S.K.: 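First the structure, which I've put down as structure tokens, then a few questions once you've had a look.
In listed order, ligands and their atoms are each counted from 1. Numbers for residues simply follow the sequence, beginning at 1. These numbers come from a predicted model, not from an experiment.
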Amino acid sequence: MLILGIETSCDETAASVVQDGRVVRSHVVLSQIAEHRPYGGVVPEIASRAHMEALMPVIRDALRKADVAWTDIDQIAVTQGPGLASSLLIGVTAAQGLALRTGKPVQGINHLAGHLYSVFLEADITDVEACFPMIVLLVTGGHTLLMRMDSVFDYDLLGQTLDDAVGEALDKGATLMGLGYPGGPEIERAAEGGDPRRFSFPRGLQQGANERVAGGLPRNRCFSYSGLKTALLYVLREHPDYLDNPEVVRDLAAGYQEAAFDALLNRLESAVLEEDVGHMACVGGVAQNKRLRERLEELARRTQTALHIAPMTYCTDNAAMIAGLAGARALHGLAPAPVHDVQPTGSLWV
Ligand code: KG4
Ligand code: ZN
């Protein structure tokens with residue numbers, strides 16, 4: 001079963017060929033970071049134009065690297081949402097056109113479900129079913145979700161951010177500190193060797209353990225990052241000179257990053273203990289962070305839980321996770337989910 005995956009939900013143009021849901025035969029990602037960097041964030045018009053120019057060459061490259069012809073492909077899978085409407089539209093339209101031209105079925109895949117699946121692209125996992133039940137932390141530029149997974153297709157939302165996503169908080173914090181874009185890797189670099197205790201930043205939503213927030217989720221399993229960003233803003237307003245001193249910036253970055261990760265680790269730990277599961281995972285762009293990976297490993301040792309972190313190359317947006325999930329669906333006998341239109345908003349659907 002060979003599936004061609006296409007991903008254009010944000011600022012990465014990606015295509016991949018995955019065999020039987022697990023074996024990545026090719027994985028091509030063209031990042032647009034350089035084009036968006038001057039604006040300090042993703043500009044939707046620039047993103048969709050860049051996808052339009054890059055997508056067909058990226059798809060051809062993925063087929064060539066996988067050493068397969070169109071006739072070998074069983075199915076096309078494309079990210080349907082959530083994401084930027086104008087970017088999603090390029091991928092979905094291309095997938096529909098290619099399906100018409102080649103006679104292959106096409107299916108729409110949820111981007112977040114793709115991120116959750118990315119952990120199973122880890123070659124070390126030999127038995128996927130043995131990983132459940134599992135608590136998963138999904139940390140990207142647009143989402144921060146705490147999930148319980150009971151199978152590849154069976155998710156329960158335990159908690160989520162009530163405002164900014166953790167990646168977004170890192171991106172905004174980096175801008176405030178005059179670091180580059182995207183902010184996550186810049187803060188990671190700037191924080192190296194810094195003292196995370198010199199500045200104390202808020203951890204968000206410490207109170208109200210028994211309260212429920214909108215959607216019925218327990219407040220103490222949710223996240224809030226807007227206070228962290230504001231705290232940094234106030235420190236810098238009071239001491240603009242801090243930015244002239246690289247040592248202070250190092251400590252600020254270390255403290256900010258640690259506060260962002262503390263909130264993730266606290267919720268993950270209580271969910272693992274309360275749900276009494278033997279496995280936990282972390283996926284999404286922020287999971288590339290070495291400090292976060294270290295802290296996850298420490299938590300796994302302390303709670304004696306098996307830890308699965310998405311391989312580095314499948315943390316940020318890619319098409320292997322989209323083709324992989326489509327392959328898993330097909331192997332489970334699920335009919336291809338039809339793709340009629342893009343779904344820019346909304347969260348997770350199967
Ligand atoms: O998963 P992703 O590529 O795209 C979304 O679906 O949003 O995640 C992008 C996010 C950005 O906020 C970026 O700053 C963050 O992932 N990120 C990192 C690192 N690399 C990317 N955050 C922390 N440390 C990193 N090394
Ligand atoms: Zn993503």
S.K.: Could you tell me, atom by atom, which parts of ligand 1 come under 4.0 Å of a heavy atom of H115?
M.R.: 1 (O), 6 (O)
S.K.: Looking at D164 and K172, is any side-chain nitrogen of the basic one under 4.0 Å from a carboxylate oxygen of the acidic one?
M.R.: yes
S.K.: Counting heavy atoms only, which part of T316 comes closer than 4.0 Å to ligand 1: side chain, backbone, both or neither?
M.R.: both
S.K.: Are R148 and D156 close enough for a salt bridge, meaning some N to O gap below 4.0 Å?
M.R.: no
S.K.: Salt bridge check: are E294 and R291 linked by an N-O gap of less than 4.0 Å?
M.R.: yes
S.K.: Can you tell me which N/O/S atom of D317 has the shortest distance to the Zn ion (ligand 2)?
M.R.: OD1
S.K.: Report the atom name of the nearest N/O/S atom of H115 relative to the Zn ion (ligand 2).
M.R.: NE2
S.K.: Would you mind naming the N, O or S atom of H111 nearest to the Zn ion (ligand 2)?
M.R.: NE2
S.K.: Do the side chains of R295 and E298 get close enough for a salt bridge, i.e. N-O under 4.0 angstrom?
M.R.: no
S.K.: With a 6.0 Å cut-off on ring centres, are F120 and F132 close enough?
M.R.: yes
S.K.: Does even one non-hydrogen atom of H143 get within less than 4.0 Å of ligand 1?
M.R.: no
S.K.: Nearest heavy atom to atom 13 (C) of ligand 1 wins, so pick from D171, L138, V42.
M.R.: D171
S.K.: Salt bridge or not between R221 and E275? Use side-chain N to carboxylate O under 4.0 Å.
M.R.: yes
S.K.: For P185 and ligand 1, answer yes if some heavy atom of the residue is under 4.0 Å from a ligand atom, otherwise no.
M.R.: yes
S.K.: Within ligand 1, which atoms have a heavy atom of C315 less than 4.0 Å away?
M.R.: 1 (O)
S.K.: Show the atoms of ligand 1 that are less than 4.0 angstrom away from any heavy atom in L170.
M.R.: 22 (N), 23 (C)
